[in-house]
Number of protein chains: 2
Amino acid sequence: MPPSLQSYEEVSSSLPMKVVPKKNGVVNGASSLRLEESEKHDLVLRVFRCFIADLCEQFKGGHPGGAMGMAGIGIALWKYAMKYSPSNPNYFNRDRFVLSNGHTCLFQYTFMHLVGYSNMTLDQLRSYHSKRTDSICPGHPEIEIDGIEVTTGPLGQGVANAVGLAMAEKHLAATYNRPNYPVVDNMIFCMIGDACLQEGVALEAISLAGHWRLDNLVIVYDNNQVTCDGSVDLACNEDVNAKMRACGWNVIDVFNGSNNISGVTQALVTARASDKPTFINVRTVIGFGSKLAGDAKTHGAAFGPEDVANIKRTFGMDVDKHFYIPDDVYDFFHEARSRGQDYEWEWNALVDAYSQEYPELSAEFKSRVAGQMPQDWMKYIPAKDSFPTTPTASRKSAGLVCNPLAQNLNNIMVGTADLTPSVNMVWKNKKDFQHPDLKTACGINGDYSGRYIHWGIREHAMASISNGLAAYNKGTILPVTSTFFMFYIYAAAGVRMGALQGLQCIHVATHDSIGTGEDGPTHQPVELAALYRAMPNMLYIRPCDSEETAGAFIAALNAKNTPSIISLSRQNLEQYPAHSSREGVRKGAYVLMEQEDADVTLIGVGAEMCFAVSTKEVLEKEYGIKARVVSFPCQRLFEAQPREYKREVLQYGKGRPIVVIEAYAVNGWERYADAGFAMSSFGHSLPGAKCYDHFGFSGTKIAPKVKALVDEVRKEGIESLRGDFRDLNGALGFKTEH
Amino acid sequence: MPPSLQSYEEVSSSLPMKVVPKKNGVVNGASSLRLEESEKHDLVLRVFRCFIADLCEQFKGGHPGGAMGMAGIGIALWKYAMKYSPSNPNYFNRDRFVLSNGHTCLFQYTFMHLVGYSNMTLDQLRSYHSKRTDSICPGHPEIEIDGIEVTTGPLGQGVANAVGLAMAEKHLAATYNRPNYPVVDNMIFCMIGDACLQEGVALEAISLAGHWRLDNLVIVYDNNQVTCDGSVDLACNEDVNAKMRACGWNVIDVFNGSNNISGVTQALVTARASDKPTFINVRTVIGFGSKLAGDAKTHGAAFGPEDVANIKRTFGMDVDKHFYIPDDVYDFFHEARSRGQDYEWEWNALVDAYSQEYPELSAEFKSRVAGQMPQDWMKYIPAKDSFPTTPTASRKSAGLVCNPLAQNLNNIMVGTADLTPSVNMVWKNKKDFQHPDLKTACGINGDYSGRYIHWGIREHAMASISNGLAAYNKGTILPVTSTFFMFYIYAAAGVRMGALQGLQCIHVATHDSIGTGEDGPTHQPVELAALYRAMPNMLYIRPCDSEETAGAFIAALNAKNTPSIISLSRQNLEQYPAHSSREGVRKGAYVLMEQEDADVTLIGVGAEMCFAVSTKEVLEKEYGIKARVVSFPCQRLFEAQPREYKREVLQYGKGRPIVVIEAYAVNGWERYADAGFAMSSFGHSLPGAKCYDHFGFSGTKIAPKVKALVDEVRKEGIESLRGDFRDLNGALGFKTEH
């Protein structure tokens with residue numbers, strides 16, 4: 001039962017006075033709101049809902065229910081609340097819209113069509129769920145499509161992305177805005193459904209947004225109380241408004257929101273005036289108009305021809321017309337394009353004036369807008385001879401490399417999931433990203449121009465929010481996250497979304513391998529590298545010393561459309577200044593120690609390089625066996641090399657065995673090696689050196705096993721190893737025997 | 001500044017009357033509380049704190065600060081609040097204690113020692129952070145140690161585990177208790193630090209505990225407002241009490257909690273009487289007694305000899321005495337052992353009487369207590385000939401196999417992260433696990449004896465809580481979780497903890513591979529299998545049809561100390577009743593279609609088996625090439641087979657190439673195959689069949705590439721493939737070229 005619409009004069013007159021001149025823009029057309037708009041609203045709502053039903057019916061699939069329930073919210077957003085420019089979807093100062101409940105993508109696609117995004121044609125809309133590979137209407141919104149800010153779908157991610165977009169805006173505004181020159185001045189609107197409020201990643205992000213008082217962020221909650229299983233109260237009975245308030249959010253209720261455009265608009269306008277992030281709790285009915293309205297069945301399936309006809313009759317539309325959008329509906333949104341062009345024009349004019357007044361600042365600003373890193377960034381990478389030659393933890397090396405970059409390059413924002421003392425990412429005079437009024441108990445304050453982020457113990461949100469930072473405007477902000485490598489398993493879904501979206505982000509993962517020691521198997525990542533090595537468009541790089549760590553950062557910085565994980569040791573590592581090479585890292589693998597007529601090639605990786613080198617020494621000294629050592633920091637970079645280079649490095653043609661030595665599960669190394677000295681079980685709580693020893697990692701223990709392999713090959717030929725990968729340190733493991 | 005201690009008469013007299021006869025036990029020794037106890041408390045606190053400082057100083061490491069701050073809480077728990085039996089740590093009806101802030105493990109180890117756990121000797125305590133491989137004092141508590149309920153360390157996990165333990169108690173109590181026979185009747189106490197409240201997994205679990213009104217669950221929050229980075233308000237300013245109340249929790253504040261034993265005890269007693277889960281917010285001072293008290297520096301490092309001496313002086317202890325525990329301290333806890341034996345005796349007597357009154361029920365109960373599944377469970381596995389021979393989605397097959405098991409075996413609790421309509425885990429007359437008073441809007445109610453769990457959209461909590469269900473008493477409950485395979489990336493940290501702890505749990509992962517279709521790359525897991533295949537003690541099983549799905553469940557049910565992921569298709573799959581074999585699944589891989597004098601072996605996996613079979617057909621028909629097909633559902637089960645079997649299945653000796661066909665990243669298959677037709681990028685939003693075709697998965701597209709490989713081998717010999725794994729469908733991928 002939709003309530004009678006409040007007139008727009010009423011909306012307008014009831015708005016708090018403070019709204020009018022307040023931050024970040026205007027209410028579109030608020031001054032010209034007239035009563036007869038309500039009739040137009042009614043038409044748009046009816047047409048929209050029938051259109052969604054038709055789109056899903058076409059190929060008997062998709063997610064109609066949410067989109068239909070949210071129709072009124074869409075009008076409030078695209079007609080009244082948001083600042084955007086359909087003719088230039090990437091206009092810098094646009095408000096950002098994130099559809100965290102991405103399965104309702106038809107909601108966004110259809111409004112984009114109605115307001116005039118030229119890519120989003122009627123023909124394209126009808127390609128939803130089709131076999132067309134040129135469709136820009138995939139089952140969930142994707143960042144590659146003009147007008148889509150981030151790829152969403154896995155629930156909760158969009159909330160975190162929106163927090164990142166809001167942080168980016170706050171950060172850039174604090175850095176570049178000057179009195180009378182609000183060159184960065186936009187809002188972030190994030191639609192969510194019931195599910196997003198249950199996902200931990202969203203709860204982490206919500207907590208952070210409240211902490212940082214991101215008043216440019218608005219979450220619009222499509223509260224239809226229905227998820228796939230049925231009623232939300234099957235699994236959730238909490239007082240969500242109270243929870244949001246406890247997290248520092250401004251909460252606005254909108255009742256009967258399926259058609260309450262005025263109520264939603266008023267709430268959106270009020271949100272602009274808040275000094276906190278705003279949560280608009282809009283009660284809607286899923287599948288509004290269907291005979292199944294309010295039922296979970298409307299969530300993820302077409303209605304069937306009978307109900308589609310019923311929907312059309314209910315809304316007074318012609319049952320026989322499909323995909324029908326009358327001109328009145330287009331007319332209603334017609335002004336969106338010209339209004340968007342006005343926004344652009346105004347912003348361009350503002351930036352022009354700003355450039356006059358602040359030539360240097362505006363030059364930097366424009367370079368940031370263009371997504372550029374200062375061209376001379378390489379000069380901040382330390383030279384090889386500047387590194388200590390004494391044993392150095394690679395987490396320390398990472399600080400030596402990254403801190404000057406972070407200090408000098410405004411693009412870089414560095415954060416940690418509460419491991420500041422461990423990850424070495426603090427640079428001299430770093431300033432925290434914080435609300436300027438925040439006074440912390442330990443005296444570390446900051447403001448929004450700060451570029452060091454205390455994420456708290458929220459690894460997943462750290463990664464997913466960082467995707468939002470990177471997506472604000474590609475290249476403008478390069479996020480660097482950091483925590484123990486093991487805890488990137490918490491963040492994996494977020495890290496993946498970054499790889500999928502081609503968002504550059506550097507994840508500094510310290511305390512890798514079993515060398516992390518006493519914290520034990522819960523903290524020793526023996527299998528996680530297998531995920532990140534297999535993940536498309538991800539660079540997992542394990543440098544073996546400071547020089548290779550420099551190479552890892554160079555590779556990560558050059559990978560403009562690819563995130564990286566730089567995997568680092570807790571413990572001190574031998575340095576190989578006479579052998580190691582940043583250029584080698586760029587190629588993924590290279591010969592660290594050559595040896596003519598070698599009997600065996602040893603692949604050393606990251607923190608375990610020392611065991612490859614000591615095995616080589618023992619082999620030569622004890623057994624007269626000649627070994628060469630290949631350093632292999634990154635499989636994906638190696639795969640990008642020419643075949644000739646790969647064969648040269650690994651010397652397959654010579655018929656000598658190749659053994660990889662790494663304290664991880666060996667899975668995947670079989671591509672390059674005939675045998676592996678690796679981990680077949682979880683680790684153990686022991687001091688790092690002892691832990692390695694406990695699992696057999698030492699030259700004296702590895703060498704005899706390599707010798708036996710070399711002997712076998714001498715005797716039986718290399719062919720004996722085919723299809724018989726040798727686990728020199730135990731087989732693929734169970735906890736207990738089967 | 002510790003407050004003056006409240007006397008225990010005061011505590012006692014101020015307890016609400018309703019407490020006395022209320023559920024789940026008593027306040028230990030509450031009746032004999034005397035004022036002079038406060039002096040003993042003071043001694044224990046002083047001794048405990050100096051002891052912790054000594055333990056960390058010994059090897060210059062560890063986490064002293066939290067344990068020292070929590071000393072008073074420990075006394076309240078082990079002296080007054082908890083029901084346990086040191087002489088029989090596994091006594092069934094004990095209260096469960098979970099240390100979610102596991103880095104403070106010395107807190108638990110030391111109290112276990114003081115109250116008389118015989119394994120936790122002084123010698124063992126001193127092995128913390130030592131090189132001793134026989135240490136039972138690892139850096140985080142581990143389930144293998146008598147008296148430790150779950151392995152904790154990765155923050156937030158313990159909260160979820162505790163929720164699982166509480167669910168298990170509620171479920172068993174509802175199932176087996178009868179009037180006057182509370183044979184299951186225990187509380188769950190979970191210690192947490194500031195960090196646990198920030199982790200998403202804990203927030204998800206907290207929401208569920210409130211929803212289910214788990215009044216047997218108590219979280220004790222060591223609120224010292226310090227994490228590694230410094231003050232908590234660097235990253236969190238929320239009103240935690242309000243948030244917990246909004247989630248349906250009872251909240252009790254304890255101020256000045258470092259020494260306020262009476263306050264904590266009173267809160268713990270009050271918690272027993274609550275009809276909601278209880279959150280006790282105890283303000284403590286980290287590193288209490290150190291000159292760095294209240295500082296983050298006390299979190300994860302020893303104090304140094306000077307401060308240790310200072311601590312001892314502050315507490316009036318002899319600076320030169322190390323690891324000193326006077327007899328008075330042991331005496332104070334002396335009664336714990338006999339009291340525990342009394343609990344056991346009482347419980348045994350209760351169960352004896354119960355057995356008289358309810359012989360059948362008690363027989364089942366005792367079998368559950370013994371961790372046994374009914375011996376005849378195999379009879380519920382459908383016979384091969386009962387399966388449809390028409391194309392069937394393996395998610396449907398999973399329902400055909402699992403539903404009868406779940407219906408008939410009380411050990412099994414099945415849940416889904418809000419995908420009931422998709423995962424087919426509902427059996428006839430299933431009853432939900434719910435609070436008995438809950439009336440859901442969609443009319444699905446239940447009670448605590450129900451065995452179907454609506455987890456909401458909380459994949460991570462689902463996995464981590466399931467670990468708690470499984471850990472309550474090994475074998476008593478077999479949790480089955482379910483969601484789309486892709487979303488087990490959200491749950492990965494929880495799934496891992498199950499594998500690490502050897503907890504049997506079956507994860508039903510539907511919609512695997514790119515065949516899931518229209519939902520697009522966000523929902524198409526192309527790399528996740530690499531993680532679970534590399535994870536120690538994990539069975540990742542991809543059955544190719546209904547018969548193999550039966551085999552997958554049999555393997556999973558037989559793996560008493562190993563969790564499994566059964567990876568299933570959304571789409572219909574060809575059935576191979578003449579070829580497929582549940583027995584073959586047990587061996588990990590087997591010959592599905594033999595072929596004498598084959599030119600090539602094709603490895604087919606799960607939903608992509610149809611492409612192996614069609615490739616074989618095209619090869620034979622179009623090119624006269626003979627192919628055999630191996631079905632390879634589980635790498636780890638295959639690795640457990642004898643070498644002879646492995647070589648027989650894959651026929652390495654014959655010098656014919658082996659090609660694996662799977663729509664995943666190929667990483668890891670190089671162990672078994674010379675070439676792979678696989679995914680080198682993320683997927684695409686297209687209907688499933690079209691998506692396969694888009695990425696080249698069809699017999700007609702694969703066969704020519706296999707033919708070229710066969711031709712090469714015929715010409716140049718199998719040696720040409722060594723060290724040159726062939727990606728027949730593109731190389732290890734980037735999003736964009738480098």
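Bear in mind that the values here come from a model prediction, so they are computed numbers and not experimental data. In the text below, chain A, chain B and the rest are named by the order of the sequence lines, each starting its count at 1.
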Query raised in the report: Are the charged groups of B:Arg671 and A:Asp727 less than 4.0 angstrom apart, N to O?
Result: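 Result for this pair is yes, salt bridge flagged.
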
Give a yes or no answer on whether the side chain of [X] reaches the backbone of [Y] with a donor-acceptor pair at less than 3.5 Å.
X        : Y        : result
A:Gln198 : B:Ile457 : yes
A:Arg245 : B:Lys243 : no
B:Gln434 : A:Leu234 : yes
B:Asp233 : A:Ala441 : yes

Residue, of [options], that accumulates the most heavy atom pairs under 4.5 Å with chain B:
options                                : answer
A:Cys137, A:Gly456, A:Cys442, A:Gly102 : A:Cys442
A:Asp239, A:Asp229, A:Leu438, A:Leu531 : A:Asp229
A:Asp693, A:Val201, A:Leu419           : A:Leu419
A:Gly200, A:Cys228, A:Gly668, A:Gly139 : A:Cys228
A:Pro687, A:Gly520, A:Gly153           : A:Pro687
A:Pro521, A:Pro138, A:Gly294           : A:Pro521

Search all heavy atoms of [X] against all heavy atoms of [Y] and return the closest pair with its distance.
X        : Y        : answer
B:Asp519 : A:His140 : O-ND1, 2.8 Å
B:Leu208 : A:Ala235 : CD2-O, 3.9 Å
A:Pro154 : B:Thr522 : CD-CB, 3.5 Å
A:Ser680 : B:Pro536 : O-CB, 4.2 Å
B:Glu459 : A:Glu199 : OE1-OE2, 2.8 Å
A:Ala493 : B:Ile489 : CB-CG2, 3.8 Å

Is it the backbone or the side chain of [X] that comes under 4.5 Å from a heavy atom of chain B, or both, or neither?
X        : value
A:His694 : side chain
A:Asp432 : side chain
A:Ile453 : neither

Toward chain A, the part of [X] with a non-hydrogen atom under 4.5 Å:
X        : value
B:Asp674 : side chain
B:Lys439 : backbone
B:Asp295 : neither
B:Ser135 : neither
B:Ser422 : neither
B:His454 : both
B:Met497 : side chain
B:Trp669 : neither
B:Glu142 : side chain
B:Arg132 : backbone
B:His684 : side chain
B:Thr227 : both
B:Glu518 : both
B:Leu528 : both

**Report entry** ring pair (Phe, Tyr, Trp, His ring centres under 6.0 Å) partners for B:His103, two or more places apart
**Finding:** B:His63, B:His299

**Report entry** Student check: side-chain heavy atoms of A:Lys646 and B:Asp724 closer than 4.5 Å
**Finding:** no

Specify which of [options] makes the most heavy-atom pairs with chain A at under 4.5 Å.
options                                : value
B:Arg496, B:Lys690, B:Lys131           : B:Arg496
B:His523, B:Met244, B:Met486           : B:His523
B:Ala195, B:Gly62, B:Ala242            : B:Ala195
B:Ala492, B:Gly156, B:Ala529           : B:Ala492
B:Gly653, B:Gly61, B:Ala461, B:Ser130  : B:Ser130
B:Gly230, B:Gly248, B:Ala202, B:Cys247 : B:Cys247

Query raised in the report: Checking side chain to side chain contact (heavy atoms under 4.5 Å, CB included) for the pair B:Gln635/A:Asn667: CA distance, chi angles, key distance, verdict?
Result: CA-CA 10 Å; B:Gln635 293 181 356; A:Asn667 306 51; 4.2 Å; yes

With rounding to the nearest 0.5 Å, note down the distance linking [atom1] in [X] to [atom2] in [Y].
X        : Y        : atom1 : atom2 : answer
B:Ser207 : A:Glu238 : OG    : CD    : 3.5 Å
A:Met535 : B:Phe682 : CE    : CZ    : 6.0 Å
A:Met538 : B:Glu527 : CE    : CD    : 9.5 Å
B:Trp455 : A:Cys236 : CH2   : SG    : 14.5 Å

Query raised in the report: Using 30° and 60° as the class limits, which term best fits the ring planes of B:Tyr490 and A:His460: parallel, tilted or perpendicular?
Result: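 Judged by the thresholds at 30° and 60°, the geometry between B:Tyr490 and A:His460 is perpendicular.
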
Query raised in the report: Can you name the side-chain contact (heavy atoms from CB on, under 4.5 Å) partners of A:Glu719, sequence neighbours left out?
Result: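 Result, side-chain contact (heavy atoms from CB on, under 4.5 Å) vs A:Glu719: B:Glu719.
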
